[in-house]
Amino acid sequence: MPDIDPTTDQVDGLRARGDRLAADNAAVRTRLAELERQRDERDEQIGRLIGSLNDAARRIGELDRARAAEEHRADAERWRCDALRLRRWTRLGAALTALRRRPLAPAALRRVRDALCERPLPPEPPAEPRRTRRPDVRVTDTEPVEPPGGVPRPPDGPVARPDLVAAVVLGPVLEAALRYEWTQVGGLDPRDWRETLEASRPGLLLVESVDTGLPVAEMVAWCRERGVPSAYWDTGAGLGEAAGDFDHVFTVDSGAVPEHRRRLGHDRVTHLPFAAQPRLHNPVRVHDHGRYPLLYEGEYDAAAEPLIAPAPRLGAHFAATGVPYLYRQRVVPAWPHEQAASARKRYRVMLAPDGRRAYEAAAAGVPIVHHRTGAVPFGPAVEDGKDAGRILRALLHAPELRDRQAHLALREIHAAHTYRHRVDTVLEKLGVARQDAPPTVSLVLSTCRAEQIAPAVEMMAAQRWRPLQLVMVLHGLDLDPLEVQKQAMAAGLDDVVVLAADRSRTLGACLNMAVGAADGDYVGKVDDDELYGPHYLTDLVPAFSYTDAGVVGKLAHYAHLDSIDATLLRYPDLENRYVDVLRGGAFLGEGDLMRAYRFADRGRGEDTDLFRRLRADGVRVYAADRFSFVTIRHADAGRHTWRPSDLELLSESRVAFYGFARDHILF
């Protein structure tokens, strides 16, 4: 078709239209700038009003206390006057005076008789003025708590079992969480579900108790004809009509298991609670992390009222439905589940979450307080309203208490309550073959101090993570590697490699010897003069499941100064976030990555050089929590390869406590 040039009128028309659009665009930009300015002015005005309200509340509270004190003094004076009038000697003096004036008058005699009788005194006022409370006019931020940039895009992977194809009929929350556990076939259509399943050939069918237009009974029959096992998961809605057709039934309510078995007429019913998906629910810090005090999320539960009642005065937000009118000023818009995972991390404590949200919040490092004993395996349960306010205040006022509780809950999540664990249970009950062996960790250690070998081996043997390999290099030591290997295995290590290196070798060269002999899926570096708690590895390894890091380790950490017997907290703000470097004696990398990069052939700074090269190549590095690791700084700096002064360490750290509270760090 030949090209047709536009006419002059058309060109003019297009130019005019372009000019109009440009003018409209300029007007929109001007209006947007004006609205942003108005918003800033409004926020500034709101800030001033909040400050004025707080000042007014403070002044009113002071006036109420002063008035209560004056009332107490007045009541005390009135009581003293009344008591003085009623005392026997006061009344007797007046009676005797009347009797002297009229000695024979019967009334005067009766007055003397009455004065001699004891009269009860009025009740004494309290020793202290009545307690007053500051008026509840404090305004806290109730703006919608949304992650920057709107709804975040979920990470792409990785998928734990890519060879296992699972056909699923799930709600949006479980569908998003389970997509990382297998190759998932979802979004089935009532018109062509057969064609979809025939093309994908699933290894199992999992159906959640959600409303669906799919012919579930027909799908189960299709699976049975082809030997595909099927499972039904009751997540709170109860058993559907076709539940009895499935090979196995799961339920999030442990109390419902006996009733389900009775209704279905078989015992193939198992308790399967909700869980957390580390790729979505994790402690990686977000903007404004921990900015707000308390969060109640979900559907309002009247049974939690004893726990909820003191929360508004502590600044709680209610991202919930069905909330009583009493709490209307504390309600914030609820978030979609894609947004909630990040939004929860902006709160310091979460109140009475339901089962699903409890696991998700714990995996995000948010301490929870719930109202049913035994509901979840972590967090305090408060059933007495008298203790609720005290527990909430204790958690809000004590960061160490919050962090410890959150860390223990996170450890419990990764030990038994991720969706990988739930899928393992489903596969086991359905008889589907699975491979769930944990990855092997190799720890490399180079030592030139014979006296440090025994304590270092003892700490490595105490690690809860298995399978574990220790690769030790005896740097310039006149020791038999075979004897050292036997000692290490006698301490409880099953896989030990001991190598000998000449003293002329550098530390980096010795570490490379160890890395070359390590065959673990992850390879980590440890030092012989640091302390490692038994959960050092069980806390670090899971970080690979929820980050994109090739290396994880410690940057925020405790350091004990022998010279003044003080324990410092170094880099307290650099935990649970991506960083550039890690502590040289506390990091763990992917095995292939460590074998590819290795260490520089130098005596000092070999770890700093490694992180420089990783950073240059775009390999991400993640700093986990501060627990289960302590750096020991001896008074004799010559005992260390890295030799900063104590004053230098103090200037960059915070004194956490004096002495060495082992149970506070290495738990």
Side-chain angles (χ1 to χ4, degrees), residues 284 439-448 456 460 465 468-476 497 499 501 504-532 536-537 539-541 543-544 547-557 559 570-571 574-626 628-631 633 640-644 652:
V284 181
T440 301
V441 174
S442 296
L443 295 178
V444 300
L445 168 65
S446 177
T447 180
C448 59
M460 298 306 105
W465 184 269
L468 175 63
Q469 179 188 50
L470 175 62
V471 183
M472 184 186 305
V473 177
L474 305 178
H475 189 189
V497 178
L499 306 171
S504 61
R505 284 180 176 262
T506 64
L507 175 59
C510 293
L511 291 172
N512 286 335
M513 288 177 59
V515 170
D519 54 17
D521 299 301
Y522 298 109
V523 176
K525 176 177 175 285
V526 293
D527 289 344
D528 61 4
D529 56 354
E530 317 282 32
L531 298 184
Y532 303 85
Y536 168 75
L537 287 176
D539 290 342
L540 273 189
V541 174
F544 288 102
T547 68
D548 300 322
V551 181
V552 303
K554 307 285 185 180
L555 187 52
H557 67 282
R570 307 197 68 214
Y571 313 117
L574 296 178
E575 61 178 339
N576 296 319
R577 63 172 71 233
Y578 290 98
V579 294
D580 291 334
V581 297
L582 294 170
R583 180 70 188 153
F587 67 85
L588 190 66
E590 295 173 350
D592 292 340
L593 181 78
M594 295 297 295
R595 284 183 278 269
Y597 277 81
R598 297 178 173 263
F599 294 91
D601 188 3
R602 58 173 63 176
R604 292 184 183 180
E606 75 289 339
D607 47 359
T608 303
D609 174 79
L610 172 65
F611 289 116
R612 179 188 59 77
R613 289 183 283 123
L614 291 171
R615 184 169 63 252
D617 291 345
V619 178
R620 304 195 77 182
V621 176
Y622 179 77
D625 60 88
R626 65 185 183 274
S628 295
F629 172 73
V630 184
T631 295
R633 302 302 302 179
H640 301 285
T641 305
W642 180 55
R643 300 172 182 176
E652 298 174 347

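Values in this document were obtained by computation on a predicted structure and should not be read as measured data. Excluded from the calculations below are hydrogen atoms, water molecules and symmetry mates; all remaining heavy atoms, backbone and side chain alike, are included.
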Original post:
Where do Ala518 and Arg595 come nearest, in terms of heavy atoms and distance?
Top reply: O-NH1, 2.9 Å
Subject >> Value rounded to 0.5 Å, distance of CG in Leu582 from NE2 in His557 >> reply: 11.0 Å
Subject >> Spacing of Asp580 atom CG and Thr608 atom OG1 [to the nearest 0.5 Å] >> reply: 11.5 Å
**OP:** Look only at the side chain of Lys554 and the backbone of Asp625, and say whether a donor-acceptor pair between them is shorter than 3.5 Å.
**Re:** yes
Original post:
Looking only at heavy atoms, which two atoms of Glu530 and Thr631 are closest? And how far apart?
Top reply: OE1-CA, 3.1 Å
Original post:
Does Val523 reach the side chain of Val471, with side-chain heavy atoms less than 4.5 Å apart?
Top reply: no
**OP:** List the steps, then state whether side chain to side chain contact (heavy atoms under 4.5 Å, CB included) holds for Asp609 with Glu606.
**Re:** CA-CA 5 Å; Asp609 174 79; Glu606 75 289 339; 5.8 Å; no
**OP:** Please name the pair of heavy atoms, one in Tyr571 and one in Leu555, separated by the smallest distance, quoted to 0.1 Å.
**Re:** CD1-O, 3.4 Å
Original post:
For the side chain of Lys525 and the backbone of Phe587, is there at least one donor-acceptor N/O pair under 3.5 Å apart?
Top reply: no
Subject >> Under 3.5 Å: donor-acceptor pair, side chain of Arg505, backbone of Gly476 >> reply: no
**OP:** Would you check, one step at a time, whether the test side chain to side chain contact (heavy atoms under 4.5 Å, CB included) holds for Tyr522 with Thr440?
**Re:** CA-CA 6 Å; Tyr522 298 109; Thr440 301; over 6 Å; no
**OP:** Rounded to the nearest 0.5 Å, what's the gap from OG on Ser442 to CG on Leu468? Could you check?
**Re:** 7.5 Å
Original post:
If you look at every heavy atom in Asp527 and Gly585, which pair is closest and at what distance?
Top reply: OD2-CA, 3.5 Å
Original post:
Would you say the side-chain atoms of Arg613 pair up with the backbone N or O of Tyr597, donor to acceptor, closer than 3.5 Å?
Top reply: yes
Subject >> side chain to side chain contact (heavy atoms under 4.5 Å, CB included) evaluation trace for Asp528 with Leu445 >> reply: CA-CA 7 Å; Asp528 61 4; Leu445 168 65; 4.0 Å; yes
Subject >> Plane angle bin for Tyr532 and Phe629 - parallel if under 30°, tilted between 30 and 60°, otherwise perpendicular >> reply: tilted
Original post:
Which atom names give the shortest non-hydrogen contact between Gly603 and Thr506, and what distance separates them?
Top reply: N-CB, 3.9 Å
**OP:** Please report the shortest heavy-atom distance between Pro439 and Trp465, naming the atom on each side.
**Re:** O-NE1, 3.1 Å
**OP:** Find out whether Leu537 and Leu443 are in side-chain contact, i.e. whether some heavy atom of one side chain is under 4.5 Å from a heavy atom of the other.
**Re:** yes
Original post:
Would you say the side-chain atoms of Tyr578 pair up with the backbone N or O of Thr547, donor to acceptor, closer than 3.5 Å?
Top reply: no
Original post:
Hey, what do you get for NE2 (His475) to CG (Leu499), rounding to the nearest 0.5 Å?
Top reply: 12.5 Å
Subject >> Short side-chain to backbone donor-acceptor contact, Arg598 and Gly508, under 3.5 Å >> reply: no
**OP:** Run the numbers on Val621 and Arg615 for side chain to side chain contact (heavy atoms under 4.5 Å, CB included), then give the verdict.
**Re:** CA-CA 8 Å; Val621 176; Arg615 184 169 63 252; over 6 Å; no
